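Every value quoted in this text rests on a predicted model; they were computed, and no experiment measured them. Quick note on labels: first sequence line is chain A, next is B, and so on, each numbered from 1.
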Amino acid sequence: RKEVEQDPGPFNVPEGATVAFNCTYSNSASQSFFWYRQDCRKEPKLLMSVYSSGNEDGRFTAQLNRASQYISLLIRDSKLSDSATYLCVVNNQAGTALIFGKGTTLSVSS
Amino acid sequence: DAGVIQSPRHEVTEMGQEVTLRCKPISGHNSLFWYRQTMMRGLELLIYFNNNVPIDDSGMPEDRFSAKMPNASFSTLKIQPSEPRDSAVYFCASRGQGANTGELFFGEGSRLTVL
């Protein structure tokens, strides 16, 4: 089983739609979880951390389910500028480095 | 402030040639990471350094790959000899001490094509 698994998509949605991405991770000892965003031919950038109680940042909501080893990202009221690849990220066993999923591609159209 | 700086941005070389990728982390950051990204495998961690010391190189694919960090402001990733399957985008990232452990700052990447 891969350390971090994501549905690659692509998810094609109209502007204003709500879209959710899911991710599973294999290491039950992982303590830190994040979502990164990567635009086409650009470097990844941190979008948001994921906290145990769930957290929100504007239109973005992240949730963590430790029992199921599952992380989600919900985007409400999608904008054209949200088109990107979203990478699910988990820290490694030692807690010192980050392991990235292969990403889920989102395309928002007008 | 300058971000992570990588060079070259693009390199095209022939199989068997030596390739050296360079990285200058953000000043004051004490952790440095080398990742490789391909369509097939996504973003893979190759090696990371803490305070210039290699901590984990288990992601380095084989002996053809080596990385060094002679000082806090410079790191290299060398491939010798290169093979077509090494074609990928190589990212360097840095992280500050005590910072949010999730925030890595990536360079723009070095896109390597081995013919």
Side-chain angles (χ1 to χ4, degrees), chain A residues 1-10 21 23-27 29-52 55 57 60 62 64 71 73 84-106, chain B residues 2-7 9-10 21 23 25-26 29-51 53-60 67 88-113:
Chain A
R1 182 181 172 186
K2 292 187 188 298
E3 291 190 74
V4 182
E5 294 203 62
Q6 298 181 248
D7 178 349
F21 306 136
C23 163
T24 56
Y25 60 95
S26 61
N27 182 5
S30 293
Q31 294 295 318
S32 302
F33 311 90
F34 311 90
W35 284 99
Y36 271 66
R37 169 189 169 132
Q38 186 173 23
D39 292 313
C40 187
R41 300 182 76 86
K42 297 286 190 180
E43 72 275 21
K45 293 183 180 178
L46 178 66
L47 177 67
M48 60 193 300
S49 301
V50 184
Y51 301 121
S52 296
N55 49 296
D57 183 0
F60 298 82
L64 169 65
I71 305 162
L73 177 69
T85 296
Y86 291 83
L87 303 166
C88 177
V89 186
V90 174
N91 70 333
N92 65 347
Q93 190 132 7
T96 51
L98 299 184
I99 308 301
F100 285 75
K102 291 175 70 173
T104 299
T105 299
L106 171 66
Chain B
V4 175
I5 299 172
Q6 291 186 245
S7 64
R9 291 291 312 281
H10 301 272
L21 307 178
C23 175
I26 292 173
H29 282 191
N30 69 324
S31 295
L32 182 140
F33 304 80
W34 282 101
Y35 284 87
R36 174 173 72 174
Q37 188 172 38
T38 60
M39 288 290 290
M40 286 291 292
R41 300 172 71 91
L43 203 60
E44 301 174 279
L45 177 64
L46 300 178
I47 185 172
Y48 67 95
F49 296 83
N50 195 49
N51 294 323
V53 176
I55 302 301
D56 184 354
D57 65 355
S58 60
M60 296 284 260
V89 181
Y90 290 81
F91 285 104
C92 175
S94 70
R95 181 176 68 199
Q97 189 168 16
N100 173 359
T101 58
E103 186 146 31
L104 298 187
F105 293 84
F106 284 81
E108 294 182 303
S110 294
R111 185 173 296 273
L112 173 65
T113 302

Side chain, backbone, both or neither: which part of [X] has an atom under 4.5 Å from a heavy atom of chain A?
X      : value
B:R111 : side chain
B:F105 : neither
B:Q37  : side chain
B:L43  : both

Could you pull out the closest heavy-atom pair between [X] and [Y], with the gap in Å?
X      : Y      : result
A:P44  : B:F106 : O-CD1, 3.4 Å
A:K102 : B:M39  : CE-O, 3.8 Å
A:K42  : B:F91  : O-CZ, 3.9 Å

Counting only non-hydrogen atoms closer than 4.5 Å, does A:Y36 touch chain B with its backbone (N, CA, C, O), its side chain (CB onward), both, or neither?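 The side chain, not the backbone.
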Find the distance between OH (B:Y48) and CG (A:L98) and round it off to the nearest 0.5 Å.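 Going from the OH atom of B:Y48 to the CG atom of A:L98 covers 10.0 Å.
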Nearest 0.5 angstrom please: A:F34 CZ to B:L104 CG, how far?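 Spacing of CZ (A:F34) from CG (B:L104) equals 8.5 Å.
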With chain A, which of B:G59, B:G109, B:G107 has the greatest number of heavy-atom pairs at distances under 4.5 Å?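 Ranked by contacts with chain A, first place is B:G107.
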